[in-house]
Amino acid sequence: MYKSIIRPILFKFDPEEVHYLTFSMLKNFGFLTQLFFPNPIEDKRLEREVFGLKFKNPVGLAAGFDKNAVLFEELSDLGFGFVEIGTLTPKGQPGNDKKRLFRLKEDSAIINRMGFNNEGVDAAVERLKKNKNVLIGGNIGKNKVTPNEEAVNDYKICFEKLFPYVDYFVVNVSSPNTPNLRELQDKEPLTQLLGTLQKMNAKKPNSKPILLKIAPDLSDDQLLDIIDIVKETKIAGVIATNTTLSRENLISENQSETGGLSGKPLTKRSTEVIRFLSEKSGRAFPIIGVGGIHSAKDAIEKLDAGASLIQLYTGFIYEGPELINEINKELLKRASRLPR
């Protein structure tokens, strides 16, 4: 129903306006989702324990969709095993000028240059205080006006304020839409940033997993550096990958828009990065796989490449909530074939 009726209507309008309209509808008329979408699959065989946390299923929602922690309960009700909010910054900021979100329909992709638009960490905290049982990841970044040499302070602020209300953290230094942010992926500043957060983490009565979200545009040498940094700082794992700056093999007319590209064109590269990290590290740390998952087959490929969990974003927009069940059904089929 989503792809045949709902999506064609939504895709007639500006994507950012539709995003907020959808949020409003789900928030105020969430009960209607039961009429349009299948009931989420719940099965003990789908449960996963990763970096000390128990996930009801391995299919999560990636950061960027529910930036301000407005809809995490409703999104969980659609079947997601976990919801990652953010990217959050210490102070609210409007992000980049509109228009900044573009559908590439012929490529089943999206280009965004949102620029960490969010209401600030304090607003999200107030909403998260009402959370009952949704497993939440907190994706954190720096404000646009904060210079890179002071960026660690922004991450520290977000870490401290979110700590009581999220189950794991994600350090985002890989968005292409905040000027110079990706420079923080270099080995020295990244090691310093993650090391600082880990020291804060160690002082807590119960530490929480810290993950690093990386770009798909890193070279093999840079990915080897990432493996070394994870080992040195002892963070919990990696999310692979964020959006890409590549525009290879696109056919949509608006492919030249600046920003990060997500969706089907990223499927192969994100899986390659997952496999590289998993194999070269000897599966030394968990990986959350994200990027171009539009089918159960795409999800299985990422899990087989070494991902412990997966996340949806653009695939969720193009394929609809049914995709969550499709993936979990395939996982249950595989589970039934395993020897007892």
Side-chain angles (χ1 to χ4, degrees), residues 1-40 59-80 83-87 94-115 117-119 177 243 250-267 290-296 298-299 310-328:
M1 179 176 287
Y2 175 83
K3 291 174 70 174
S4 62
I5 299 175
I6 299 175
R7 190 180 74 180
I9 295 172
L10 295 179
F11 276 26
K12 289 182 180 295
F13 301 96
D14 176 82
E16 188 167 354
E17 291 179 3
V18 165
H19 181 83
Y20 294 120
L21 173 63
T22 303
F23 262 51
S24 178
M25 293 291 290
L26 285 173
K27 195 68 181 175
N28 296 303
F29 305 101
F31 61 90
L32 291 177
T33 59
Q34 297 178 8
L35 299 177
F36 294 107
F37 305 120
N39 291 325
V59 185
L61 179 67
F65 195 86
D66 189 12
K67 291 175 181 284
N68 296 303
V70 172
L71 212 63
F72 56 87
E73 290 182 349
E74 290 82 359
L75 290 164
S76 177
D77 289 342
L78 290 176
F80 284 111
V83 175
E84 192 171 306
I85 62 161
T87 298
N96 295 322
D97 294 339
K98 298 179 181 180
K99 187 176 180 181
R100 55 192 182 181
L101 189 62
F102 308 88
R103 298 187 196 97
L104 280 65
K105 295 179 185 178
E106 293 82 0
D107 296 294
S108 296
I110 289 173
I111 291 175
N112 93 83
R113 49 173 181 263
M114 304 299 289
N117 59 309
N118 73 108
E119 297 174 4
N177 301 316
T243 56
L250 298 181
I251 59 175
S252 299
E253 289 185 2
N254 52 348
Q255 61 179 271
S256 60
E257 294 289 347
T258 59
L261 174 74
S262 61
K264 280 190 177 182
L266 192 53
T267 306
V290 56
I293 299 175
H294 285 245
S295 67
D298 296 333
I310 58 168
Q311 290 178 326
L312 309 179
Y313 185 91
T314 304
F316 177 58
I317 293 170
Y318 274 87
E319 310 302 327
E322 295 98 333
L323 179 58
I324 307 168
N325 271 0
E326 289 173 12
I327 294 169
N328 283 326

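The figures that follow rest on heavy atoms only: side chains count, while hydrogens, waters and symmetry mates do not. Residue numbers count from 1 along this sequence. Treat the numbers as computed from the prediction; the structure is a model and nothing was measured.
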Side chains of [X] and [Y]: does their closest heavy-atom pair fall under 4.5 Å?
X	Y	value
F11	I317	yes
I293	I327	yes
P265	L250	yes
L71	K27	yes
E74	L78	no
N254	L104	yes

Looking at N112, T87, T258, which hits side chain to side chain donor-acceptor pair (under 3.5 Å) with N177?
-> N112
Check salt bridge (Lys or Arg N to Asp or Glu O under 4.0 Å) between R103 and all other residues, then give those that pass, not counting sequence neighbours.
-> none
Qualifying residues under salt bridge (Lys or Arg N to Asp or Glu O under 4.0 Å), relative to E119, sequence neighbours excluded = R127
Closest non-hydrogen atom pair, [X] against [Y]:
X	Y	answer
E106	S252	OE1-OG, 3.0 Å
V290	A62	CG2-CB, 4.0 Å
D14	K99	OD1-CE, 3.3 Å
T243	S262	CG2-CB, 3.9 Å
P40	G79	CB-CA, 3.6 Å
E84	Q311	OE1-NE2, 2.8 Å

Steps toward side-chain contact (heavy atoms from CB on, under 4.5 Å) verdict (F80, L312) | CA-CA 9 Å; F80 284 111; L312 309 179; 4.0 Å; yes
Ring geometry between F23 and F65 (parallel below 30°, tilted from 30 to 60°, perpendicular above 60°) | tilted
Quick check for you: to the nearest 0.5 Å, what is the distance between [X] atom [atom1] and [Y] atom [atom2]?
X	Y	atom1	atom2	value
R113	K98	CZ	NZ	13.0 Å
Y318	I110	OH	CD1	5.5 Å
R100	E257	CZ	CD	14.0 Å
L101	N96	CG	CG	12.0 Å
I5	L10	CD1	CG	12.0 Å
D107	I251	CG	CD1	5.0 Å

I'd like to know if the side chain of [X] and the backbone of [Y] have a donor-acceptor N/O pair within less than 3.5 Å.
X	Y	answer
N118	K67	no
T22	V18	yes
Y313	A63	no
N325	E322	no
S295	D298	yes

Below 6.0 angstrom between ring centroids: does that apply to Y2 and F316?
-> no
